[in-house]
Protein chains: 2
Amino acid sequence: MEQYDPDAQVDHDGPVPPYKQLAGILAARIERGDWAPNRAIPAETRLAQEYGIARSTVRRSIALLVERDLLFVVPQRGTFVKPRQ
Amino acid sequence: MEQYDPDAQVDHDGPVPPYKQLAGILAARIERGDWAPNRAIPAETRLAQEYGIARSTVRRSIALLVERDLLFVVPQRGTFVKPRQ
DNA sequence: TTTCATTTGTACGTATGTATT
DNA sequence: TAATACATACGTACAAATGAA
């Protein structure tokens, strides 16, 4: 995955699909320490609002980061930063 | 994954979500030999029609089987049965 | 106990883009 | 030109579980 500016916004007009952009941005924010391990990131609906994309798109981004072991999801509770393995 | 009847249909009222049901059904059909290795399975739209579910749901099922190395996708060409590893 | 808000899970339909046939 | 097929994104709706009030 590319390196992203943790303060970047999602660009709807570029060649990189928004779901990949957001995954990169969130990875950068985790790396920076915006959220401590075992702490929840903002809810999907909140992220959708903040980045101006659909919740279904946010979910695709999160799925990427879960696959990369950066996040884990607890149904009905939230999405959490995974402690370093 | 559970064992499925390759001739089963998708049940919208049961506890198992359709995308998991279809993944199981397709796995059973691959196992049975409905499609040879390196041959394409029906298109997503076709599967959606045949099983009475949305195309987006079909795609979730396929994603599961890609992850399990039963299928591989060639963009703009189709979804193919992976030869045994 | 009941109610309510929050959050993720699932499913649907629609639209547009790109590449191949 | 047209049809086909996958990639991406949007919005909507409802279900299920949790936890707070």
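Convention: sequence-line order gives letters A, B, ...; per-chain numbering from 1.
If you take CG of L71(B) and P of dA5(D), they are 16 Å apart, rounded to a whole angstrom. Atom-to-atom, OH of Y19(A) to C1' of dG17(C) comes out at 14 Å; the value is rounded to the nearest Å. F72(B) places its CZ atom 17 Å from the P atom of dA5(D), with the value rounded to the nearest Å. Rounded to whole angstrom, the span from the CD atom of Q21(A) across to the C1' atom of dT8(D) amounts to 12 Å.
Of the two residues contacting DNA chain C, namely I53(B) and G78(A), the nearest-nucleotide position lying further toward the 5' end is that of G78(A). Along DNA chain C, the nucleotide nearest to V74(A) and the one nearest to S56(A) differ in position, and the one closer to the 5' end is contacted by V74(A). Positionally, the nearest nucleotide of DNA chain D for R60(A) lies more toward the 5' end than for the other of R60(A) and P75(A).
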*Would you sort out whether N38(A) and V81(A) count as a side-chain contact (heavy atoms from CB on, under 4.5 Å), showing the intermediate values?*
CA-CA 5 Å; N38(A) 291 310; V81(A) 176; over 6 Å; no
*What's the verdict on side-chain contact (heavy atoms from CB on, under 4.5 Å) for R60(B) and L64(B), showing C-alpha distance, side-chain angles and the deciding distance?*
CA-CA 6 Å; R60(B) 294 196 61 177; L64(B) 282 182; over 6 Å; no
_side-chain contact (heavy atoms from CB on, under 4.5 Å) between K82(B) and L70(B), worked out_ = CA-CA 5 Å; K82(B) 196 159 184 177; L70(B) 289 178; 5.9 Å; no
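Between T57(B) and the phosphate of dC12(C), there is a side-chain N or O to OP1/OP2 separation shorter than 4.0 Å. Between H12(A) and dT8(D) there is no side-chain N or O to OP1 or OP2 distance below 4.0 Å. Phosphate contact (OP1/OP2 of dT7(C), side-chain N/O of T79(A), threshold under 4.0 Å): absent. An OP1 or OP2 oxygen of dC6(D) is reached within less than 4.0 angstrom by no side-chain nitrogen or oxygen of R59(B).
By the side chain to side chain donor-acceptor pair (under 3.5 Å) test, R39(B) pairs with no residue at all, sequence neighbours left out. With sequence neighbours excluded, the residues that form a ring-ring contact (aromatic ring centres under 6.0 Å, His included) with F80(B) are F72(B). Applying the side-chain contact (heavy atoms from CB on, under 4.5 Å) criterion to T79(A), with sequence neighbours excluded, gives I41(A), I62(A), L71(A), V73(A).
Of all heavy-atom pairs spanning P42(A) and L47(A), the tightest one is O-CD1, 3.6 Å.
Of the possible polar contacts, one joining the Q21(B) side chain to the D11(B) backbone as a donor-acceptor pair under 3.5 Å is found.
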Using nucleotides 13-16 of chain D, report all nitrogen or oxygen pairs with the protein that are shorter than 3.5 Å.
from: dA16(D); atom 1: N3; to: Q76(A); atom 2: NE2; distance (Å): 3.2

Every protein N/O within reach of nucleotides 19-21 of chain D N/O, cut-off under 3.5 Å:
none

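At a non-hydrogen distance threshold of 4.0 Å, nothing from residues 36-50 of chain B comes into contact with DNA chain C.
With contacts defined as side-chain heavy-atom distances shorter than 4.5 Å, the pair P6(A)/I25(A) does not qualify.
A salt bridge is absent between D5(A) and R32(A); no separation between the charged side-chain nitrogens and carboxylate oxygens falls under 4.0 Å.
For E50(B), the CD atom is densely surrounded, since the number of other residues' heavy atoms within 6.0 Å is greater than 12.
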